[in-house]
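The structure appears below as structure tokens.
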Amino acid sequence: MAKKAFASILEPRKADIVSAVLRLVDRVGITGLTTKLIAKEVGFTEGALYKHVRSKNDIFRLILDSSGLSIEALSQDISKRGLGPEQSLRAWFDFAVSFLEDYPGVYRILFSDGLYTGEKAMFKQFKDCMFDLLSRIQSVIERGIAEKVLWPDLNPASNAVMFLGVIHTTFTFWTVFENRVRSYKKTAQPYFEEYLRSLRIPSREAAHG
């Protein structure tokens, strides 16, 4: 998801609000986020803000909705372009890395225990979004096995989880240890290449090189 991506999914004012929230959460966290801060970041009064969203949780739901729609859009694009299994995994990697680099605040939202306490519907929406992404990655790995470009004894479900693990771990490393002094993709790319190497049959790896 490139910058301004929310503008292609949400109406302009809601897209501005979502982007503002993601910037603020990255700076002040979930607990420090207030409607007053959101309104100031967007350039609204608090009263004007409530004309577009009902609450902070309403904004979080918009983020989850947009994330789900972005996942579906990329899946359709991969299918339309006829990408092979490895190219598809790279497309999903680029999607996740670009999303987190452009909107790092989404990490705090999606993985905040406090956000989902008492919000069963929102927690279910988050789980559904994550399971949807996992199932799409798993399908790519299954296709790679069927096409004999990935190891035949791979466990697609486990390796789909490990795909997300690479993203999760490298984002933490980029944020905590590197202080985001360079592109997140430059941090994550070597680890992702190691992950791909573990999936790829050696003859295919030689051909790739």
Side-chain angles (χ1 to χ4, degrees), residues 1-12 14-19 21-23 25-26 53 57-112 115-116 119-146 150 154-172 174 184-185 188-189 191-192 195-196 199:
M1 180 181 285
K3 285 188 176 181
K4 309 288 187 185
F6 288 107
S8 67
I9 298 172
L10 302 170
E11 61 184 70
K14 287 186 177 180
D16 290 342
I17 292 167
V18 165
S19 295
V21 166
L22 291 174
R23 290 193 300 270
V25 167
D26 194 42
V53 293
N57 281 351
D58 193 28
I59 300 170
F60 298 144
R61 291 187 192 96
L62 285 176
I63 292 169
L64 288 169
D65 288 342
S66 300
S67 299
L69 290 171
S70 296
I71 288 169
E72 175 60 29
L74 178 59
S75 184
Q76 291 182 9
D77 182 61
I78 288 171
S79 179
K80 185 187 299 183
R81 292 163 60 194
L83 298 183
E86 182 171 331
Q87 290 72 29
S88 296
L89 288 173
R90 289 185 184 279
W92 284 111
F93 168 76
D94 288 342
F95 164 82
V97 167
S98 296
F99 187 95
L100 286 171
E101 185 157 6
D102 290 344
Y103 303 104
V106 79
Y107 187 90
R108 288 192 173 190
I109 292 173
L110 294 180
F111 295 100
S112 168
L115 179 63
Y116 304 105
E119 288 287 337
K120 291 183 179 179
M122 194 184 301
F123 185 56
K124 182 180 184 304
Q125 187 178 4
F126 167 71
K127 286 200 300 183
D128 288 346
C129 186
M130 290 296 101
F131 280 132
D132 182 33
L133 179 55
L134 274 172
S135 69
R136 293 175 194 270
I137 301 299
Q138 180 175 331
S139 294
V140 173
I141 295 170
E142 289 170 348
R143 182 158 61 94
I145 293 170
L150 303 181
L154 288 175
N155 183 313
S158 296
N159 279 277
V161 171
M162 284 189 277
F163 177 96
L164 292 189
V166 171
I167 303 300
H168 184 92
T169 302
T170 56
F171 181 84
T172 302
W174 178 61
Y184 171 39
K185 187 169 185 178
Q189 189 78 47
Y191 298 95
F192 178 67
Y195 169 77
L196 280 182
L199 304 183

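Because only heavy atoms are used, hydrogens play no part in the values below, and waters and symmetry mates are left out as well, while side chains stay in. Since we're looking at a predicted model, the values are computed, not measured.
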- Query: Passes side chain to side chain contact (heavy atoms under 4.5 Å, CB included), Thr170 versus Phe192? Steps please.
  - Reply: CA-CA 9 Å; Thr170 56; Phe192 178 67; over 6 Å; no
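- Atoms NZ and CG, on Lys14 and Asp58 in that order, are 6.5 Å from each other to the nearest 0.5 Å.
- Across every non-hydrogen atom of Phe99 and Ser67, the tightest pair is CZ-OG, 3.8 Å.
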- Message: As a quick check of understanding, evaluate side chain to side chain contact (heavy atoms under 4.5 Å, CB included) for Leu100 and Trp174, giving each step before the final call.
- Response: CA-CA 11 Å; Leu100 286 171; Trp174 178 61; 5.8 Å; no
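- Atoms SG and CG, from Cys129 and Leu64 in turn, are 6.5 Å apart once rounded to the nearest 0.5 Å.
- Counting heavy atoms from C-beta outward, Tyr191 and Thr169 have side chains that stay 4.5 Å or more apart.
- Between Ile71 and Phe95, some side-chain heavy-atom pair lies under the 4.5 Å cut-off.
- Rounding to the nearest 0.5 Å places CD1 of Ile63 at 9.0 Å from OG of Ser19.
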- Message: Using side chain to side chain contact (heavy atoms under 4.5 Å, CB included), reason through Tyr107 and Leu22 one step at a time and then give a plain yes or no.
- Response: CA-CA 9 Å; Tyr107 187 90; Leu22 291 174; over 6 Å; no
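- Remark: Glu72 engages Arg136 in a salt bridge, criterion side-chain N to carboxylate O under 4.0 Å.
- Within the 4.5 Å cutoff, side-chain heavy atoms of Ile167 are placed close to those of Phe93.
- In this structure the side chain of Lys185 never reaches within 4.5 angstrom of the side chain of Ser98, judged on heavy atoms.
- Separation of atoms CD (Glu142) and CG (Asn155) is listed at 9.5 Å; rounding is to 0.5 Å.
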- Item | Residues Asp65, Gln125; criterion side-chain hydrogen bond (donor to acceptor under 3.5 Å, both in side chains); working and verdict | CA-CA 8 Å; Asp65 288 342; Gln125 187 178 4; 2.4 Å; yes
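- Between Leu83 and Ala91, the shortest heavy-atom contact is CD1-CB, 4.2 Å.
- When atom types are taken as modelled, the side chain of Glu101 and the backbone of Tyr184 share a donor-acceptor pair closer than 3.5 angstrom.
- Within the 4.5 Å cutoff, side-chain heavy atoms of Phe60 are placed close to those of Val21.
- The shortest non-hydrogen separation linking Pro156 to Ile145 is CG-CD1, 3.9 Å.
- Contact annotation: the side chain of Tyr195 approaches that of Leu199 to within less than 4.5 Å [non-hydrogen atoms, C-beta and beyond].
- Ser66 has its side chain out of reach of Val18: every pair of non-hydrogen atoms, C-beta onward, lies at least 4.5 Å apart.
- In this structure, Arg90 does not pair ionically with Asp94, as no charged nitrogen and carboxylate oxygen lie closer than 4.0 Å.
- The distance from atom CZ of Arg143 to atom CG of Leu89, rounded to the nearest 0.5 Å, is 8.5 Å.
- The distance from the OG atom of Ser70 to the CG atom of Asp77 is 12.0 Å, given to the nearest 0.5 Å.
- Closest approach of Ser88 to Val140, counting heavy atoms only: CB-CG1, 3.8 Å.
- Residues Met122 and Phe126 form no side-chain contact, since every pair of their non-hydrogen atoms from C-beta on lies 4.5 Å or further apart.
- Counting all heavy atoms, side chain and backbone alike, Val25 lies closest to Ile109 at CG1-CG1, 3.9 Å.
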